[in-house]
Amino acid sequence: MSTTIDLEALGDSAAIPDRIARFPFPFPRDTYRYSTNVEPAGSVVETPVGGWGTHPVDVDGRYREDLAERTRILAEDPTRFQALPHMEIAQWDAMLTLMRMLTDAHPETFSLDGDGAARRFTNRALGVEQSFVFGDPSTLPEPPLLFVGRHLQEDVVLLDQREGALWGDAGLVTFAADWSLRFDVGMSFLQIHGPVPRVHTEGVIPRAQQFLMGLQPGRQYRRTNWSLSVDRRLDQSTETYPVWGRDRRLLAEGPLEDVGRRLNLRVEVQHLVRLGVSGAIMFLIRTYLLPFEDIARVPEWAERLCRVLEELPEDMADYKGITRTREPGVRWLRTYGGVRS
Ligand code: HEM
């Protein structure tokens, strides 16, 4: 199904603002534990106020703002794009697949013309038109993954499959939640997940890798992950920790009234796609941030978030970097957010 979007109209105009109506609230129950939580992609997940999940690439009312932020980050730190030399064909494969996804989702905004190797991509929202020949780097102004990354709000990691394992060998990641692509590039799937507590003894990561290695071309799966962020800061990569790290302490020490406005539930919708030409796995990470005061407009969400935060074991809270912020978050939800039980 394709939806018609008007980029200017999206935002706060409706009774329930778009940012709430389309928010991917991630908790199906009152407790949260790690699991191999993957499901087929493409169907809409309904919520009490709307739904999400129609397309693997999601263009919303923050499109231009998010892409301007990506451009700023890349100008300051070009290492947010990484690609090992053997990932050249996977980059082209990913670029074409992402262009098709954008066109399928929003044909009025994006188009991809031509067939065979010679193509033309048009993005009417940004006023970009680019002709290129698939596989010929001289026809693009920059590497294919970097080029297409300037047209979508998702971060992208490409995984090579060899020697019975997956390897994170390329990526464009400007909105990481406390990790670093520059540090992780070239690592195996198991190594990348090394810092995560619990998942190793519980077999979550080896099971996920087995599942991904069996993924058939064209099949798309998705999962969610979550954390808390102070303010609407998409870039929380390890590289910029000095900029955002202290805000957690400052928020916890500041007035409780400010928490509803400043503390955000940070949700990643992640899509997993096997690319047809290169055989690489494409991992899309889309980050949504919603302040607690917006969460509180949906009573079911406020109750559930409060219970999840109260119950979350210490080691998981520690790893997620929310040991300082979850307590003020819970207090705000109970004091101002309508949570009584
Ligand atoms: C973190 C599971 C796919 C990269 C995590 C965490 C879990 C997890 C449970 C901890 C999250 C948190 O508490 O905030 C899974 C599962 C997957 C999957 C079940 C597939 C079914 C991937 C893929 C990549 C990836 C394909 C691409 C390279 C990462 C990274 C982190 C992470 C970079 C942060 C690690 C750090 O702290 O340095 N993953 N993941 N994941 N995952 Fe995955």
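Just so you know, ligand 1 is whichever comes first in the structure, and atom 1 is the first atom listed for that ligand. The analysis underlying the following values was restricted to heavy atoms, covering all of them including side chains, and did not include hydrogens, waters or symmetry mates. In this text, all values refer to a predicted model and were calculated from it rather than measured experimentally.
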Should you measure from each heavy atom of Ile192, which atoms of ligand 1 turn up under 4.0 Å away? 4 (C), 28 (C), 29 (C), 30 (C), 33 (C), 35 (C)
With a cutoff of 4.0 Å, is Ile281 in contact with ligand 1, counting heavy atoms of the residue only? no
Identify, by atom number and element, the atoms of ligand 1 in contact range of Leu159, meaning under 4.0 Å from any of its heavy atoms. 26 (C)
Check each atom of ligand 1 against the heavy atoms of Lys320 and keep those under 4.0 Å away; list them by number with element. 12 (C), 13 (O), 14 (O)
Can you tell me which portion of Leu166 lies within the under-4.0 Å heavy-atom range of ligand 1? Options are side chain, backbone, both, or neither. neither
Measure from NZ or CZ of Arg29 to the centre of the six-membered ring of Phe27 and say whether it is under 6.0 Å with the direction within 45° of the ring axis. no
Atoms of ligand 1, numbered as shown, that sit under 4.0 Å from any heavy atom of Asp184: 33 (C)
I need the contact type for Val196 against ligand 1. Using non-hydrogen atoms and a strict under-4.0 Å cut-off, is it side chain, backbone, both or neither? side chain
Nearest-neighbour protein heavy atom for atom 27 (C) of ligand 1, which is reported as residue plus atom name and distance: Phe283 CD2, 3.2 Å
Are any of the heavy atoms in Ala208 under 4.0 Å away from ligand 1? yes
Verify, without hydrogens or angle tests, whether Ser229 (side chain) and Asp231 (backbone) share a donor-acceptor contact under 3.5 angstrom. no
Between Thr36 and ligand 1, is there a nitrogen or oxygen pair with a distance under 3.5 Å? no
Do me a favour and list the nearest non-hydrogen protein atom to atom 21 (C) of ligand 1 with residue, atom name and distance? Val38 CG1, 3.4 Å
Phe189 to ligand 1, any heavy atom closer than 4.0 Å: yes
Are a donor atom and an acceptor atom from the side chains of Tyr241 and Asp178 found within less than 3.5 Å of each other? no
Does ligand 1 come near enough to Ser35 that some N or O of the ligand is less than 3.5 Å from an N or O of the residue? no
CZ of Arg334: more than 12 outside heavy atoms within 6.0 angstrom? yes
Do the side-chain N and O atoms of Gln161 and Arg274 include a donor-acceptor pair separated by under 3.5 angstrom? yes
Paired with His151, the ring-ring contact (aromatic ring centres under 6.0 Å, His included) test is passed by just one of Phe110, Tyr63, Phe121, namely Phe121
For Asn225, is at least one N or O under 3.5 Å away from an N or O on ligand 1? yes
Salt-bridge present (Arg22, Asp60; N to O < 4.0 Å): no
Measure from atom 31 (C) of ligand 1 to the protein's non-hydrogen atoms and state whether any distance is below 4.0 Å. no
Show which atoms of ligand 1 fall inside a sub-4.0 Å distance from at least one heavy-atom site of Val157. 28 (C)
Between Glu239 and Ser180: side-chain donor-acceptor atoms closer than 3.5 Å: yes
For atom 41 (N) of ligand 1, find the nearest protein heavy atom and state the residue, atom name and distance (0.1 Å precision). His193 NE2, 2.9 Å
Has ligand 1 got any nitrogen or oxygen that is less than 3.5 angstrom from a nitrogen or oxygen of Tyr34? yes
Among all protein heavy atoms, pick out the one at the shortest distance from atom 37 (O) of ligand 1; state its residue, atom name and that distance to 0.1 Å. Tyr319 OH, 2.4 Å
Just need the protein heavy atom nearest to atom 19 (C) of ligand 1, so name the residue and atom and give the distance. Arg223 NE, 3.5 Å
Answer yes or no: are there more than 12 heavy-atom neighbours, outside Phe183 itself, under 6.0 Å from its atom CZ? no
Check His200 against Gly194 and note the closest heavy-atom contact, atom names and distance. NE2-O, 3.4 Å
Pair Asp66, Arg232 - check salt bridge (Lys or Arg N to Asp or Glu O under 4.0 Å), show working. CA-CA 11 Å; Asp66 286 0; Arg232 205 194 134 67; 3.2 Å; yes
Hey, is Arg72 close enough to Glu76 for a salt bridge, meaning N to O under 4.0 Å? yes
Can you find a non-hydrogen atom of Pro195 under 4.0 Å from ligand 1? yes
Neighbour count >12 (heavy atoms, 6.0 Å) for atom CD, Glu46: no
